[in-house]
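In what follows, a single structure is set out as structure tokens and then discussed.
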Amino acid sequence: MTVNDRSVSGDIDPRTLLVHFIRENLNLTGTHIGCETSYCGACTVMFDGRTVKSCTVLAVAADGATITTIEGLAKNGQLHAVQEGFWERHGLQCGFCTPGMIMAAVGLLEENNNPSEDEIRHGIEGNLCRCTGYHNIVKAIEYAGAKLRGEEPPPAEWEVSA
Amino acid sequence: MFPRKFDYVAPSSLDETVDALKGAGFAKVMSGGMSLLPLMKLRLVSPELVVDIGRIPGLDQISEEGDMLTIGALVRHYQTAGSEKVPAALAAAAAYTGDVQVRNRGTTVGAVVHGDLAADQPAAVLALGGVIVVQGPNGVREIPATDFFVDTLTTAIEPDEVATAIKVPKGGSSAYDKLGRRGGHTDYAVAGAAAWVKKDNGNITECRVALTGVAGRPTLAEGTAEAMVGTDGSAGAIAEAASKAADGVSVLEDLYGSEEYKAHLATVYAKRALTLALNE
């Protein structure tokens, strides 16, 4: 399979889950293992251009697929707009859900780069943040959407209220 | 957390799939794996052989033939949800299935064949009068949805058969609505209903309503359907018919609601689905 533009291979047990292959065989530990029951979304990666929960995909089923993980988003030292949004709008607290949350946001914005707040909230329905920091995550995705549209992102709330 | 050891094959055709299933011990067919893999990881199900049909070409199509629509075994929920060809009840049921990532990977046929008692798409297929196409050692057979759902997680498909498609008729108008376990439309249904109606000269000539999350399997609300036929589909007629939604249905209580509450939700969602269908 191709992971972050790199061709990789491995001889694995059929029961190896994609998330384990990514973390343990490829040492890409940015993709997190959270609930392992396909609820939390911390393990979200792009599989042939669409988000999936890599804890619920067999690695063998990804044979020949194109995978993008959180490590593959930044290009030439430049953060992806969604990563920048999370940075600028403080879209994380503990950070555990962040890689999956960012991948889900990338998937959402690739389909619709101008989502409403409601569409953003539904777009990340497959990802849980147990710090419940959803408010700033939504703001971060709004920021990234503006960036991707080539617009000036809305000012941060703390700048407005100051 | 990973499954018990199993053998894995990824056939490149349906014939090879049937060959792989023939004489296998406990084998499971996998398409998207969104229902099967969690069960295997929790070790509630431990097949000796997983037959992954994910690489078979041509199964990812939604095609029309006469007045029937065929949804191939690898059509994913997001495709069903986003297709203008798919009847509204099934498209909505697919849109309300799982979450974004699950809809990107899971398949409509897989969800129907899995037969969860609180899943969305089985009820839609039942209300639409769909058929499930299966292939086995004795060739291809079509099982009407009314005969398909035998009991909880149990369908009429044989262990040596693979579901290749679902066919649904295109006529009439339909809708699906539900109460999700996490509120709104999110997660499995606490209860939900799919409705399909056909009108002629302002009167309803045919009707089917199917419930999910109410009984041990997707179930027709026959009392409601019968009461709708011959009416003009007015709000009053819908309310009267929907009040019979749980009549004759073996309502089951679960973690999400008592028998009484589920029976109540059956009437509420039968009413909402019928109203939506008649305004489609």
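Chain A is the first sequence line, chain B the second, and so forth, proteins listed ahead of strands; every chain is numbered from 1.
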Closest approach of Met30(B) to Leu58(A) (non-hydrogen atoms, all atoms of both residues): CE-CD1, 3.8 Å
More than 12 heavy atoms from other groups under 6.0 Å of CD on Glu64(B): yes
Residues Thr56(A) and Pro38(B): closest non-hydrogen pair is CG2-CD, 3.7 Å
For Val100(B) versus Glu125(A), what's the shortest heavy-atom pair and its separation? N-OE2, 3.6 Å
I need the residue from Cys55(A), Gly41(A), Gly64(A) with the largest number of non-hydrogen atom pairs under 4.5 Å to chain B. Cys55(A)
Can you tell me how far OG1 of Thr37(A) sits from CG of Leu39(B), rounded to the nearest 0.5 angstrom? 11.5 Å
Given side chains that start at C-beta, do those of Tyr39(A) and Asp187(B) come closer than 4.5 Å, heavy atoms only? yes
Which bit of Asp63(A) is near chain B, if near means a heavy-atom gap under 4.5 Å: side chain, backbone, both or neither? both
Could you verify whether a donor N or O on one side chain and an acceptor N or O on the other, from Thr51(A) and Gln101(B), lie under 3.5 Å apart? no
Please say whether more than 12 non-hydrogen atoms of neighbouring residues, nucleotides or ligands are located less than 6.0 Å from CZ in Arg6(A). no
Once you round to the nearest 0.5 Å, how far does NE2 of His122(A) lie from OG1 of Thr186(B)? 5.0 Å
By the definition side-chain contact (heavy atoms from CB on, under 4.5 Å), identify the one residue from Arg50(A), Lys53(A), Met46(A) that meets it with Asn104(B). Arg50(A)
Would the number of heavy atoms belonging to other residues, nucleotides or ligands and lying under 6.0 Å from NZ of Lys139(A) be above 12? yes
Enter the distance from Leu37(B):CG to Leu17(A):CG here, rounded to the nearest 0.5 Å. 7.0 Å
Atom group of Arg4(B) that falls short of 4.5 Å from chain A, counting heavy atoms: backbone
Which pair of non-hydrogen atoms, one from Arg182(B) and one from Leu128(A), has the smallest distance, and what is that distance? NH1-CD2, 4.0 Å
Over all atoms of both residues, closest heavy-atom pair of Ala61(A) and Asp52(B): CB-OD2, 3.8 Å
Does NZ or CZ of Arg15(A) fall inside the cone over Phe6(B)'s six-membered ring, less than 6.0 Å from its centre and within 45° of the axis? no
Donor-acceptor contact below 3.5 Å, side chain Lys41(B) vs main chain Ser38(A): no
If you count heavy-atom pairs within less than 4.5 Å of chain B, which of Leu108(A), Asp48(A), Val57(A) leads? Val57(A)
